[in-house]
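These notes concern the structure reproduced below.
All values below were derived from every heavy atom in this structure, side-chain atoms included, with hydrogens, water molecules and symmetry-related copies excluded.
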Amino acid sequence: MRTVDLHWRKSSFSDEHEGSNCLELASRDGEILVRESDSPAVVVKATQEGVRAFLAYADYAF
């Protein structure tokens, strides 16, 4: 997978904290790709439904 060609977006929370550890998201062919800026070669793929379910759970749990 060529992650260089993707448009990565940083979390809005990344600008508030010092350091370079930022969560970045991109989409490709209906998939959501997630990586951490300090380790950009490691990419996690998820479906849109999976990301929605995770965010709903995270909002509920925290």
Side-chain angles (χ1 to χ4, degrees):
M1 169 183 6
R2 287 187 46 94
T3 60
V4 176
D5 299 335
L6 297 170
H7 175 70
W8 291 95
R9 297 179 59 193
K10 284 187 180 182
S11 167
S12 60
F13 292 103
S14 296
D15 294 335
E16 296 178 14
H17 304 289
E18 292 183 24
S20 62
N21 297 334
C22 302
L23 186 65
E24 299 176 326
L25 301 170
S27 63
R28 184 189 68 195
D29 300 329
E31 289 182 315
I32 304 297
L33 306 172
V34 183
R35 71 181 185 182
E36 196 165 330
S37 61
D38 65 341
S39 187
V42 178
V43 177
V44 176
K45 293 190 275 185
T47 63
Q48 292 177 6
E49 294 81 16
V51 171
R52 281 189 203 105
F54 172 77
L55 293 175
Y57 175 78
D59 188 44
Y60 171 78
F62 298 101

> Does the side chain of Val44 come within less than 4.5 Å of Leu33's, by heavy atoms?
Replying inline: no
> Rounded to the nearest 0.5 Å, what separation is found between the CD atom of Glu24 and the NZ atom of Lys10?
Replying inline: 6.0 Å
> Between atom CD of Glu31 and atom CD of Gln48, what is the distance when rounded to the nearest 0.5 Å?
Replying inline: 10.0 Å
>> Working to the nearest 0.5 angstrom, can you tell me the gap between Cys22 SG and Arg9 CZ?
In response: 14.0 Å
>> How long is the straight-line distance from CG of Leu6 back to CZ of Arg35, given to the nearest 0.5 Å?
In response: 8.0 Å
> Taking the side chain as C-beta and beyond, is there a heavy-atom pair between Val43 and Val34 under 4.5 Å?
Replying inline: no
>> Ile32 vs Thr47, test: side-chain contact (heavy atoms from CB on, under 4.5 Å). Steps then yes/no.
In response: CA-CA 6 Å; Ile32 304 297; Thr47 63; over 6 Å; no
> Can you get from Leu23 to Leu55 by hopping between Ile, Leu, Val, Met, Phe, Trp and Tyr side chains that sit under 4.5 Å apart?
Replying inline: yes
